[in-house]
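Presented below is the structure to which this report refers.
The sequence lines fix the lettering, A, B, ..., with proteins before strands; numbering per chain opens at 1. Keep in mind that the numbers below use all heavy atoms, side chains included, and drop hydrogens, waters and symmetry copies. Source: prediction; values computed, not measured.
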Protein chains: 2
Amino acid sequence: MGSNVREEVMAAAKRAAQSHGYTGLNFRELAAEVGIKSATIHYYFPTKVDLGAAIAKRYWEDSQVLLDSLWNGGNDPARALMEYPNTFRVSLEQDNRICLCSFMSAEHDDLPDPVKREVSAFADINIAWLTRVLSAATDMDTAASERRARAIFAAVAGAQLMARSRSDISVFDALIDSYREAGLLPG
Amino acid sequence: MGSNVREEVMAAAKRAAQSHGYTGLNFRELAAEVGIKSATIHYYFPTKVDLGAAIAKRYWEDSQVLLDSLWNGGNDPARALMEYPNTFRVSLEQDNRICLCSFMSAEHDDLPDPVKREVSAFADINIAWLTRVLSAATDMDTAASERRARAIFAAVAGAQLMARSRSDISVFDALIDSYREAGLLPG
DNA sequence: GATCCTCTATCTATCAGTTGATAGAGAATC
DNA sequence: GATTCTCTATCAACTGATAGATAGAGGATC
């Protein structure tokens with residue numbers, strides 16, 4: 001298994017990036033939070049690019065596992081769809097953080113390519129999952145499901161961003177309700 | 001009238017912040033782009049906070065003027081609503097930039113209070129305008145119009161963010177189409 | 001069992017580059 | 001001549017990164 005320190009650094013880096021972005025990540029603060037020296041981080045992640053790519057990759061891998069646990073061909077796709085916005089809500093619950101990849105999407109111009117690739121993968125797996133669930137839960141064909149999947153993903157990310165800017169999770173809840181009222185989200 | 005230099009600094013700072021955020025703003029690059037020395041910027045904007053707040057304020061003021069030119073009680077609110085997403089599209093057309101305030105919303109935790117206030121104002125004036133237009137263009141009551149206004153604002157911002165992450169403006173267009181297809185946007 | 005070697009993991013110390021900010025001199029404008 | 005504007009020079013803080021020392025674990029060799 002991987003060392004504890006490596007895992008602790010990744011966990012702290014993930015949290016920091018959700019609050020301050022890739023640009024805002026810095027070795028000394030990270031090290032202080034884990035209780036080590038910044039040079040030690042370089043032992044596990046030679047460069048900042050390596051660290052950034054590692055946490056973005058881990059982020060979408062964890063998301064994939066979570067989504068599959070929510071629905072993976074079972075018998076209640078409509079319920080999974082109802083639950084989907086909650087996967088974004090939890091970030092806001094944790095000190096008003098947002099999706100790592102939403103933040104990094106804003107930072108796109110300053111992102112090294114290896115990090116960009118992992119950020120794209122997060123969107124890909126979310127959209128692919130939503131497409132599958134929508135196809136199972138509604139009578140939309142695959143093309144329509146994918147269009148709707150992209151729309152839902154973008155809209156939920158936008159709702160999370162707005163809620164953060166107000167430091168108010170009820171803004172997120174209200175927006176999700178409005179999406180349902182408008183017909184973007186089923187339910 | 002304000003000096004040319006001051007205006008040029010603000011224009012360059014606005015563009016930079018739309019690409020790199022408030023954190024990514026820096027006096028030396030800004031000065032180089034305008035063709036002056038960084039110390040000169042401090043003459044017009046004593047601190048970075050002053051500069052950040054000034055460009056965010058100008059940003060929503062300009063947006064207010066643009067929206068009012070699009071619709072201000074005239075006879076075609078439905079058309080204004082159709083045009084609304086274009087006010088976000090133009091940023092992407094300019095080197096894949098995004099809304100200054102979307103970027104700064106992501107940076108919320110690292111934003112000085114005076115800047116935060118102006119960022120909030122941008123959302124406020126967009127939502128207020130959308131609420132008025134929706135009330136005029138549809139049979140929704142004021143409360144429903146405001147809920148929908150918030151939903152549209154958040155969703156369009158999300159679409160812009162997704163398009164940036166792919167460096168592909170057609171992603172934005174497709175998302176807006178999908179919002180219409182889903183019923184979030186009229187048309 | 002004592003000595004030697006290697007690898008892992010962490011540290012101290014330091015470098016070079018960047019950044020926001022300031023003091024004070026000089027130039028331009030009125 | 002006073003005011004406005006811009007520059008040079010510099011500071012202190014911060015940042016990613018590197019070099020090199022150290023401590024300990026685990027084998028291999030004698």
Derivation and outcome, ring pair (Phe, Tyr, Trp, His ring centres under 6.0 Å), residues B:Tyr84 and B:Trp71: CA-CA 10 Å; B:Tyr84 178 72; B:Trp71 190 81; over 10 Å; no
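Within the 4.0 angstrom heavy-atom criterion, only backbone atoms of the sugar-phosphate kind lie near A:Leu25; the bases stay farther away. No engagement by A:Leu30 is indicated, since no non-hydrogen atom pair under 4.0 Å with the nucleic acid exists. Across all strands shown, A:Phe27 has heavy atoms under 4.0 Å from sugar-phosphate atoms exclusively, and none from any base.
Atom CG of A:Asn26 and atom P of D:dC14 are 10 Å apart (whole Å). Following rounding to the nearest Å, A:Glu7 (CD) and C:dA9 (P) show an atom-to-atom distance of 13 Å. One can place CG of B:Asp110 at 16 Å from C1' of C:dG20, the figure rounded to the nearest angstrom. If you take NE2 of A:His42 and P of C:dA9, they are 17 Å apart, rounded to a whole angstrom. Here D:dT8 presents its P atom at 12 Å from CD1 of B:Ile36, a figure rounded to the nearest Å. When rounded to the nearest whole Å, the span between CD1 of B:Ile41 and P of D:dC7 equals 10 Å. If you measure from atom CZ of A:Arg6 to atom C1' of C:dT8, you get 14 Å, rounded to the nearest angstrom.
Of the candidates D:dA19, D:dC7, C:dT14, the closest approach to any side-chain atom of A:Ala39 belongs to D:dA19. Closest contact between the side chain of A:Arg28 and the listed nucleotides D:dT6, D:dA17, C:dT10 involves D:dA17. With D:dT6, D:dA17, C:dA21 as the candidates, the nucleotide lying closest to the side chain of B:Lys48 is C:dA21. Among the nucleotides C:dT10, D:dG16, C:dA21, the one closest to the side chain of B:Thr47 is C:dA21. Checking C:dT12, D:dT6, D:dT15 against the side-chain heavy atoms of A:Lys37 singles out C:dT12 as nearest.
Taking a cutoff of 4.0 Å between a charged side-chain nitrogen and a carboxylate oxygen, A:Asp109 and B:Arg97 do not qualify as a salt bridge.
OP1 or OP2 of C:dC11 has at least one side-chain nitrogen or oxygen of A:Thr40 nearer than 4.0 Å. Not one side-chain nitrogen or oxygen of A:Tyr43 sits closer than 4.0 Å to the OP1 or OP2 atom of C:dC11.
Remark: of the listed residues B:Thr131, B:Asp124, B:Leu130, B:Thr131 is the sole one forming a side-chain contact (heavy atoms from CB on, under 4.5 Å) with B:Ile127.
A continuous path of hydrophobic side-chain contacts links A:Phe27 to A:Tyr44 [ILVMFWY only; heavy atoms under 4.5 Å].
Side-chain contact between B:Phe153 and B:Phe88: present, with at least one pair of heavy atoms (C-beta onward) separated by less than 4.5 Å.
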